[in-house]
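Worksheet: one structure, shown below.
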Amino acid sequence: MTDSADNQTLDYSKTLNLPQTDFPMRAGLPKKEPELVARWQEMDLYRKLRDDAKDRPRYVLHDGPPYANGNIHIGHALNKILKDVITRSFQMRGYDSNYVPGWDCHGLPIEWKIEEQYRAKGKNKDEVPVNEFRKECRDFADHWIKVQSEEFKRLGIEGDFDNPYTTMNFHAESRIAGELLKFAMSGQLYRGSKPVMWSVVERTALAEAEVEYQEYESDTIWVKFPVAEFDEEKFHRIRDRKTTELEKRFEVGEGAYAEQAGHVTEDMLDVVAQLRDASILIWTTTPWTIPGNRAVAFAKLNIAYSLYEVAEAENDFGPQPGEKVVIADRLADGCAEKAKLKLNRLAKVDNILLECLTLAHPLKGLAGGYEFDVPLLVGSHVTEDAGTGFVHTAPGHGREDFDVWMERAPLLAARGIDTMIPFTVDDAGYFTKDAPGFGPDREGGPARVIDDKGKKGDANKVVIEALIAADRLFARSRLKHEYPHSWRSKKPVIFRNTPQWFVHMDMDLGDDTTLRSRALKAIDDTRFVPAGGQTRLRAMIEDRPDWVLSRQRAWGVPICVFADEDGNVLKDEAVNARILEAFEEEGADAWFAEGAKERFLGNEHDPAKWTQVTDILDVWFDSGSTHAFTLEDRPDLKWPADVYLEGSDQHRGWFHSSLLESCGTRGRAPYDTVITHGFTMAEDGKKMSKSLGNNVTPQDVMKDSGADILRLWVMNTDYWEDQRLGKAILQTNIDAYRKMRNTIRWMLGTLAHDEGESVEYADMPELEKYILHRLWELDNVVNNGYEAFDFKKISRQVHDFMVLELSAFYFDIRKDALYCDAPSSKRRKAALQVVHHIFDRVVTWLAPMLPFTMEEAWLSRYPDAVSVHLEQFRKCPPEWRNDDLGSKWKKVRQVRRTVTGALEIERKEKRIGSSLEAAPFVHVTDDALRAAIEDVDMAEISITSGISVSPKPGPDEAFTIPEVPGVAVVPALAKGTKCARSWRVTQDVGSDPEFPDVSARDAAALHELKALGKL
RNA sequence: GGGCUGGUAGCUCAGGUGGUUAGAGCGCACGACUGAUAAUCGUGAGGUCGGAGGUUCGAGUCCUCCUCGGCCCA
């Protein structure tokens, strides 16, 4: 476009080197990003990255596998973005940083989905051959792996998506089984037992999520447990604080109870004589669990107990006057009422006395059984809400009962008590031989707890009759309460002791270590980011019970061992080899195939003597083994990994299981560093939930704003803690993105005029040297930041650098030189060179964080380049470092601030518009500041047309700012004429007759351009 | 209830070993430019540092309690 013919002046804008670029101001990421994903895919960027780095040291972040059962949510996005930034940054810092994504495929949730589909079709899972069912689970997982894979790629995640690892591919299944067999061969695997929720109707174990609570009427009974013994020595040990190590650990311990122990007095013993012919009273809603009773739990401190005597009884059966029972004071009246009698309180029974008591089983002697001692155990679950203040403890029939029992197992064993948990009920609900008098030895056959239709059997009845016959029943009643039912059959379930496979935490592994001690040592040897993770994982490992590997399930890797009657595992390498080979070829389905038992046992072992275990491995064992079949087995990775990164919930999960698996088989952790991130909350800091409508999905963000926006959010957040995400927060990041994008855009536009002429550092103006110094400083921040995984520090400092030092300072100042200077201008060439340095660094530094935008920018500058992601971070030469310049220019900027502040007043008063209309007087009385600006062209730096500096104090009315003492500014208009080309007001406008409306500098530039034929 | 962890301007974050009027960017308000233009530049207003005690000459920073939130257990 040309000006109208009568305008005699040139359109000088055409003689300027104004920014020129196709790089759009508006990103259009939702459209642009998928194009880049396709581009990377097409050029096989992943392969190029590997080839490019093949001789570099490896850096391996091992992927914690997401579960393959649905679209990704914000947590997945956060997790993968963090991982991606780490792998990309290490790749660009000189490593071969190979990321292999993985998926967790086995387990309950997928089984449920398939079952759900069955139900919709009216099919029954139990009628489908197990391997057919497993096939459907496999296909289901496959589907979601594909979906998530695409979603991750769309987020800009770079990795080997064509060859990911999965826990269900045949090799993985074989190796997982192999890891299990290592535990078996080293004796760490053992068969124990544990109560599980069991549906008699369906003959299957149920997980907590598979039961629903419905109202149910239970028989309730109050039962007397006669006191058998009082351990006076133990009483004195407590009084004298001389308890054994075991007692200290499990009973007395430190703290409140120890405090109480200090108040133990001899007169507490007064009641003991009366206790000897008394009973402890318990209450239960499951009379059929009495044969399984092994202990009685009481409260350590908070419940007051007393000895009561029956004063009068309404009935001539049941408890009669003179009988003595111990009950919690607050519950005594209720018990008396139920038994229809009156109680007299005889004496307080101190909790410490209870600690020293041993009871007899109420059915002692029945059918020759129940001869064992029944200990009283401290239980934190005991309350005064209902019952007697004493809790009947049948470790095979309740979770808390089991926990209390197992926790005290070493102490009990020391007391000569058999800690074996009896299997009193079989899978059909019948009593077994472990319930003498009620099982097969009973006249008329075993009693039954629940029948095939889910109705109550005769178990409660016969147990209550036996208690009456033994005169141990105190009272009976019925109770309506919420009771667990199978969500499929809607029938009541029972807690039933079942055989399970465990891994010892405290078995000596032959080198004076145990799995626990090895794991604790490994935690000490691991770097945790943030550091708190170490404490958290340590606390869990210190406390945890043995590792239960069994799941009574179908979709998973089987616990592929053979056991004899006593639970001893067959240890034969030849058998193992056959199993692993078969799994490698056919997958773990081979275990469930027809004739598997004979096939694997071979000729050497009698199938009749060995039972094939059909339990499935806990999926945590699968994922705990990923290091084995991924890090060890892939030649392009390494073991151990440099880093694992997951949400903080994985202290209980993957970090934990990987640690135990690896310590059990290899003696150390499979990682050197563990990084954890927090959870993503809604904008108000509360959990996101669909029902509240405050959830943000990565799909929505990508569709509306782009993956780079989501990535920028991750970069700007403190991911070590919980983060917040919502509309306003997203907008903040969109704004920050735009600012950075525009700054890059300006550089691209400016560099369009870069002819690649390099300028030596020594030949550069000081302003350029200052910026290079800042670049050098930033280089350290960036590298240290990536090293410390502190991304917000990097993104923040790079952002602020771009905003404060480039956009608002350096670029603003240099626009005049870059736009207006002659082609030969050294100042201009130096500036171009510096912008070039800045561009290359800033764009590569940000490439791991904003891979789409930086790729777009890189290709815009270097159209022949393959990808920014194949670049390395540019080094900053040591000569760029110049601390003196750094501090000097800080001062220069202080003076500049005062000048711009003064100009703002002028602007307000409408005396100037552009700063180029001004030529202020600057009075600098501060020596340091004056020295700093002595050889600096302050007019250039302040973007004014002139400036006068004086060491004398300014007049009273001069402009000052309190932050910069010693500087006073008196504004003044620039003298001269506005140059039509550069808009600066100078006194040499018109000095060149050929270009009468421009300044001398601009006239010279025009002459040069003319000579070059560019005018 | 237990273990770990957090609450600094509207938003996101800085604030070694306690020490002058608590910082930054964004957003917001106002202004300038119109040769980075749905951009750019400048100026400004925003905070009882979750609350209450305590230690100290002095606490956002140390201690105790409370409160709200998160993850994992029970």
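Here is the naming used below: chain letters follow the sequence lines, and residue numbers restart at 1 for every chain. The figures that follow rest on heavy atoms only: side chains count, while hydrogens, waters and symmetry mates do not. Quick caveat, the model's predicted, so the values are computed rather than measured.
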So, does A:K14 get its side chain near the phosphate of B:G35, meaning an N or O under 4.0 Å from OP1 or OP2? no
Checking B:C71, B:U40, B:G35 against the side chain of A:F679 (C-beta onward), the nearest is B:C71
Pick the P atom in B:G10 and in B:U48, then give their distance to the nearest Å. 8 Å
In whole angstroms, the gap separating P of B:A36 from CG of A:D22 amounts to 18 Å
When the P atoms of B:G47 and B:U37 are compared, how many Å lie between them, rounded to an integer? 37 Å
A:L806 has an atom CG; how far is it from atom P of B:A36, in whole Å? 16 Å
Going by modelled atom types, is there a donor-acceptor pair between the base of B:A36 and the side chain of A:T21 at under 3.5 Å? no
Whole-angstrom distance between B:C63 and B:U21, as gauged at atom C1': 28 Å
Nearest-nucleotide pick for A:R26, side chain only, options being B:G35, B:A38, B:C41: B:A38
Please report the distance separating the C1' of B:A45 from the corresponding atom of B:G2, rounded so that it comes out in whole Å. 47 Å
Please list, for nucleotides 21-24 of chain B, all pairs of protein and nucleotide N/O atoms separated by less than 3.5 Å.
| unit_1 | atom_1 | unit_2 | atom_2 | d |
| --- | --- | --- | --- | --- |
| B:A24 | O2' | A:D800 | OD2 | 3.4 |
| B:A24 | N3 | A:R796 | NH2 | 2.2 |

Whole angstrom is fine here: how far is it from CG in A:L725 over to P in B:U12? 10 Å
Checking B:C13, B:G42, B:A36 against the side chain of A:K792 (C-beta onward), the nearest is B:C13
Gap in Å between the two P atoms, one belonging to B:U17 and one to B:U12, rounded: 24 Å
Looking at A:K815, A:R814, A:R1001, A:R828, which hits salt bridge (Lys or Arg N to Asp or Glu O under 4.0 Å) with A:D821? A:R1001
Could you list by number each residue of residues 910-917 of chain A showing a heavy-atom separation from RNA chain B of less than 4.0 Å, or answer none if no residue does? A:K910, A:G913, A:S914
Residue-phosphate contact under 4.0 Å: A:Y737 side-chain N/O, B:C26 OP1/OP2: no
Per atom distances to the A:K978 side chain, the nearest of B:G70, B:U12, B:U34 is B:U34
Not counting sequence neighbours, which residues clear ring pair (Phe, Tyr, Trp, His ring centres under 6.0 Å) with A:F995? List them please. A:H1007
Treating a pair as Watson-Crick (purine N1 to pyrimidine N3 plus N6-O4 or O6-N4) or G-U wobble (N1-O2 and O6-N3) with both distances under 3.5 Å, list the stems of 3 or more consecutive pairs that involve RNA chain B. B:1-7 with B:67-73, B:10-13 with B:23-26, B:28-32 with B:40-44, B:50-54 with B:62-66
In whole Å, measure the gap between the C1' atoms of B:U61 and B:A36 for me. 43 Å
Using 30° and 60° as the class limits, which term best fits the ring planes of A:Y644 and A:W654: parallel, tilted or perpendicular? parallel
Check nucleotides 1-7 of chain B against the protein and report each pair of N or O atoms closer than 3.5 Å, with its distance, or say if there are none.
| unit_1 | atom_1 | unit_2 | atom_2 | d |
| --- | --- | --- | --- | --- |
| B:G3 | N2 | A:R536 | NH2 | 3.3 |
| B:U5 | O2' | A:E721 | OE1 | 2.7 |
| B:U5 | O2' | A:E721 | OE2 | 3.3 |

Going by the rule ring pair (Phe, Tyr, Trp, His ring centres under 6.0 Å), which residues pair with A:F502 if we only count those two or more places apart in sequence or in a different chain? A:Y190
Taking side-chain contact (heavy atoms from CB on, under 4.5 Å) as the test, write out the residues that go with A:L710, two or more places apart. A:I74, A:A77, A:I81, A:L155, A:P698, A:V701, A:W713, A:L725
Selected nucleotide, minimal atom distance to A:D718 side chain, candidates B:G25, B:A32, B:C13: B:C13
If you look at every strand shown and take non-hydrogen atoms under 4.0 Å, does A:G685 touch a base, only sugar-phosphate, or nothing? sugar-phosphate
Ranking B:G35, B:A36, B:U12 by distance to the side chain of A:N716, first place goes to B:U12
State the CZ-CG distance between A:R984 and A:D816, to the nearest 0.5 angstrom. 5.0 Å
A:I729 has its side chain closest, among B:U40, B:U12, B:G70, to B:U12
Any donor-acceptor N/O pair, A:Q723 side chain to A:E721 backbone, under 3.5 Å: yes
Just jot down the ring pair (Phe, Tyr, Trp, His ring centres under 6.0 Å) partners of A:F791, sequence neighbours excluded, or say none. A:Y719
Tell me what A:L16 touches on the nucleic acid: a base, only sugar-phosphate, or nothing, going by heavy atoms under 4.0 Å. base
For B:C65 and B:G27, measure between their C1' atoms and round to the nearest Å. 38 Å
Cation-pi, A:Y737 ring and A:R711 (6.0 angstrom, 45 degrees): no
Restricting to ring pair (Phe, Tyr, Trp, His ring centres under 6.0 Å), what partner residues turn up for A:W405, sequence neighbours left out? none
C1' atoms of B:G70 and B:G50, separation to the nearest Å: 15 Å
For residues 535-548 of chain A, pull every pair meeting salt bridge (charged side-chain N to carboxylate O under 4.0 Å, His left out), keeping only residues two or more places apart or in separate chains. A:D524-A:R538, A:R538-A:E542
Which parts of nucleotides 43-51 of chain B does protein reach within less than 4.0 Å, heavy atoms only, written one letter per nucleotide 5' to 3' as B for base, S for sugar-phosphate only and - for none? S--------
Salt bridge flag under 4.0 Å for residues A:R827 and A:D937: no
Whole Å only: how far is the CZ atom of A:R724 from the P atom of B:U12? 6 Å
Round to a whole Å and report the spacing from CG of A:L903 to C1' of B:C33. 13 Å
Decide if the gap between the ring center of A:W547 and the ring center of A:F621 is smaller than 6.0 angstrom. yes
Against the side chain of A:T717, the closest entry in B:A36, B:C26, B:U12 is B:U12
Proximal nucleotide (of B:C41, B:C11, B:A36) relative to the A:P19 side chain: B:A36
Pairs flagged by salt bridge (charged side-chain N to carboxylate O under 4.0 Å, His left out) wherever residues 794-803 of chain A is involved - sequence neighbours left out: A:R796-A:D800
